[in-house]
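Throughout, numbering of the chain's residues begins at 1 and tracks the sequence.
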Amino acid sequence: MKLNILTLILVGHCFLQLRAEHNHSSETLIRPPQDQVTFSGATDITMKSDDGSTHLCQSTLVARNPLKEHKSICRVAFLTAAHCVDSSFDAIEFSGFGEIKKSQLKLCRPREYARNKARFWKDNPSVPGDSATLIFEIPCDNNSVLRPARLAPLNEERKAALDHPPFFLQKRSSPAPENPGGGKRIQADIQESSGKIYHFHAPTPQGSAIVGGDSGGPIFDAKGRLLCPMMGSSYEYLRIEQKLKHPEPDGKSNRPVDPFDVSCDSRAIARLSIHLELFGMSNDPTQEVPSSQPLNSDKTCND
């Protein structure tokens, strides 16, 4: 099985992890009440190739809009990381929704991601633009229980607003190689917000870490609003370099875990909003898709 291991790690995040080890190893978590906060939309995905190879990530349901003239059919959109759908694949299995052939998908990836990847990939695998929108159509009663995630508002720089800390990193539900899954949310604080990439710090103890297979999963604010999809985690650097001080999480206990940092594209929601509008969609599930904006049009969404 070919597993995407959150490529962003390694050298690009080494300095962040060293700083985290020095400054945050003894932090104590103060968890806010979550019983009145709704977190929704997280969905495991599996990219499949006809040769049998697969790689695992996460995504977030961000829109489900009925077609105006065919109300039993809904156009849905998921947000994930661009690197999750960067390799060749023939279909995507969406947990709870079924398998969607690549030919049935509208895949929107910013050109900025391709340019930055070509320029910085070897030295810094965390590059701006690492977000992608996946759009397709299904019967509206297909997994009608899962609601689209609410989106964080944009600030004056068209970045996701960070005005409601703390923040939460969503783990995948199903297990993956070296990833126990479990769907847990890990509390984090903003570490760096001035550039095109947001960095979040997850202190210990929480019993879980963001590892391979968690890429593309949502980062929520304290109101349950989606900020961006995860590009990756410095925990993988510690794992690969054999620098972990605590045992790797087993998904069952709440024992101490090495602190780590997670990154995401700060303008992912702004790009998503453009993609939704382009295909007549909205985060508001009551809005219908006009017949004048068919999914099979030649409109490009990779600008």
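No more than 12 heavy atoms of other residues, nucleotides or ligands shown are found within 6.0 angstrom of NZ on Lys252. Sparse packing is recorded around NZ of Lys68, with 12 or fewer heavy atoms of other residues, nucleotides or ligands lying under 6.0 Å away. Within a 6.0 Å sphere centred on CZ of Arg147, heavy atoms belonging to other residues, nucleotides or ligands number 12 at most. Counting non-hydrogen atoms of neighbouring residues, nucleotides and ligands closer than 6.0 angstrom, the CD atom of Glu277 reaches no more than 12 such neighbours.
Cluster membership check: Val262 shares its hydrophobic cluster with Leu244, using side-chain heavy-atom separations under 4.5 Å among Ile, Leu, Val, Met, Phe, Trp and Tyr. Using a 4.5 Å cut-off between side-chain heavy atoms of Ile, Leu, Val, Met, Phe, Trp and Tyr, with links allowed through other members, Val62 and Leu134 fall into different hydrophobic clusters. Note on Ile135: it does not cluster hydrophobically with Leu107, by side-chain heavy-atom contacts below 4.5 Å among ILVMFWY residues. The hydrophobic cluster containing Ile45 also contains Leu105, counting ILVMFWY residues as joined when their side-chain heavy atoms lie under 4.5 angstrom apart, directly or transitively. A continuous path of Ile, Leu, Val, Met, Phe, Trp and Tyr side chains, each step under 4.5 Å between heavy atoms, connects Leu295 with Leu272, placing both in one hydrophobic cluster.
Nearest heavy atoms, Pro229 versus Ala81: CB-N, 4.0 Å. Residues Arg64 and Leu146 approach most closely at NH2-O, 2.9 Å, considering heavy atoms. Closest of all the heavy-atom pairs between Phe89 and Lys102 is O-CD, 3.2 Å. Among all heavy-atom pairs drawn from Pro110 and Ser131, the shortest one is CD-O, 3.1 Å. The shortest non-hydrogen separation linking Thr133 to Ala77 is CG2-CB, 4.3 Å. Counting all heavy atoms, side chain and backbone alike, Leu226 lies closest to Pro218 at CD1-CB, 3.4 Å.
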Given Asn65 and Leu276, is the side-chain contact (heavy atoms from CB on, under 4.5 Å) satisfied, shown in steps? CA-CA 10 Å; Asn65 304 117; Leu276 294 182; 6.0 Å; no
Take Ile92 and Val85 through the side-chain contact (heavy atoms from CB on, under 4.5 Å) test and state the conclusion after the steps. CA-CA 9 Å; Ile92 300 180; Val85 290; 4.1 Å; yes
Passes side-chain contact (heavy atoms from CB on, under 4.5 Å), Lys171 versus Ile210? Steps please. CA-CA 7 Å; Lys171 280 194 65 64; Ile210 298 301; 3.7 Å; yes
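Inspection of the Ser174 and Asp44 side chains reveals an N or O donor paired with an N or O acceptor under 3.5 Å. Checking His55 against Ser87 by side-chain atom types alone, no donor-acceptor pair falls below 3.5 Å. His199 and Asp261 share no donor-acceptor pair across their side chains, judged by distance under 3.5 Å alone. Side-chain contact annotation: Gln58 with Thr60, donor-acceptor N/O pair under 3.5 Å absent.
Tyr198 places a side-chain heavy atom less than 4.5 Å from the side chain of Ile190. Within the 4.5 Å cutoff, no side-chain heavy atoms of Cys264 are placed close to those of Met230. The shortest distance between side-chain heavy atoms of Val211 and Glu248 does not fall below 4.5 Å. Within the 4.5 Å cutoff, the side chain of Asp265 has no heavy atoms near those of the Cys228 side chain. Considering only heavy atoms from C-beta on, Pro249 comes within 4.5 Å of Tyr235 through its side chain. Within the 4.5 Å cutoff, the side chain of Val257 has no heavy atoms near those of the Gln206 side chain. Phe97 has its side chain within reach of Leu61: a pair of non-hydrogen atoms, C-beta onward, lies under 4.5 Å apart. With contacts defined as side-chain heavy-atom distances shorter than 4.5 Å, the pair Leu169/Phe260 qualifies.
Note that CE of Met47 is 12.5 Å distant from CG of Asp90, once rounded to the nearest 0.5 Å. Between the CG atom in Asp214 and the CG atom in Asn179 there is a gap of 4.5 Å [rounded to 0.5 Å]. The line from CG of Leu278 to OG1 of Thr300 is 8.5 Å long, rounded to the nearest 0.5 Å. The SG atom of Cys57 sits 5.0 Å away from atom NE2 of His83, with the distance rounded to the nearest 0.5 Å. Atoms CD1 and CD1, from Ile138 and Ile100 in turn, are 6.5 Å apart once rounded to the nearest 0.5 Å. Atom CG of residue Asn142 and atom CD of residue Glu137 lie 13.0 Å apart, to the nearest 0.5 angstrom.
Salt bridge annotation for Arg239-Glu236: present, with a cationic side-chain nitrogen under 4.0 angstrom from a carboxylate oxygen. Of the charged side-chain nitrogens involved, none lies within less than 4.0 Å of a carboxylate oxygen, so that Asp258 and Lys245 do not count as a salt-bridged pair. Asp86 and Arg109 are joined by a salt bridge, as a carboxylate oxygen and a charged side-chain nitrogen come within less than 4.0 angstrom of each other. Salt bridge annotation for Arg225-Asp163: present, with a cationic side-chain nitrogen under 4.0 angstrom from a carboxylate oxygen.
Partners of Lys106 according to the salt bridge (charged side-chain N to carboxylate O under 4.0 Å, His left out) rule, which considers only residues two or more places apart in sequence or in another chain, do not exist here. Scored by the ring-ring contact (aromatic ring centres under 6.0 Å, His included) test, Phe94 finds Phe78, Phe136 as partners (sequence neighbours excluded).
A cation-pi geometry, defined here as NZ or CZ lying under 6.0 Å from the six-membered ring centre and within 45° of its normal, does not hold between Arg185 and Phe220.
Between the side chain of Thr204 and the main chain of Pro259, no donor-acceptor pair closer than 3.5 Å is present. Judged by distance alone, with hydrogens and angles left aside, the side-chain atoms of Asn143 form a donor-acceptor pair with the main-chain N or O of Gly96 at under 3.5 Å. Under a 3.5 Å cut-off, the side chain of Ser49 and the backbone N or O of Asp51 do not form any donor-acceptor pair. With hydrogens and angles ignored, the 3.5 Å screen pairs no side-chain donor or acceptor of Arg172 with any backbone N or O of Gly181. Gln104 contributes a side-chain N or O that, together with a main-chain N or O of Lys101, makes up a donor-acceptor pair within less than 3.5 Å. Between the side chain of Thr43 and the backbone N or O of Gly41, at least one donor-acceptor pair lies under 3.5 Å. Using a distance-only test at 3.5 Å, with no hydrogens or angles considered, a donor-acceptor pair links the side chain of Glu192 to the main chain of Ser194. When atom types are taken as modelled, the side chain of Asn283 and the backbone of Ala149 share a donor-acceptor pair closer than 3.5 angstrom.
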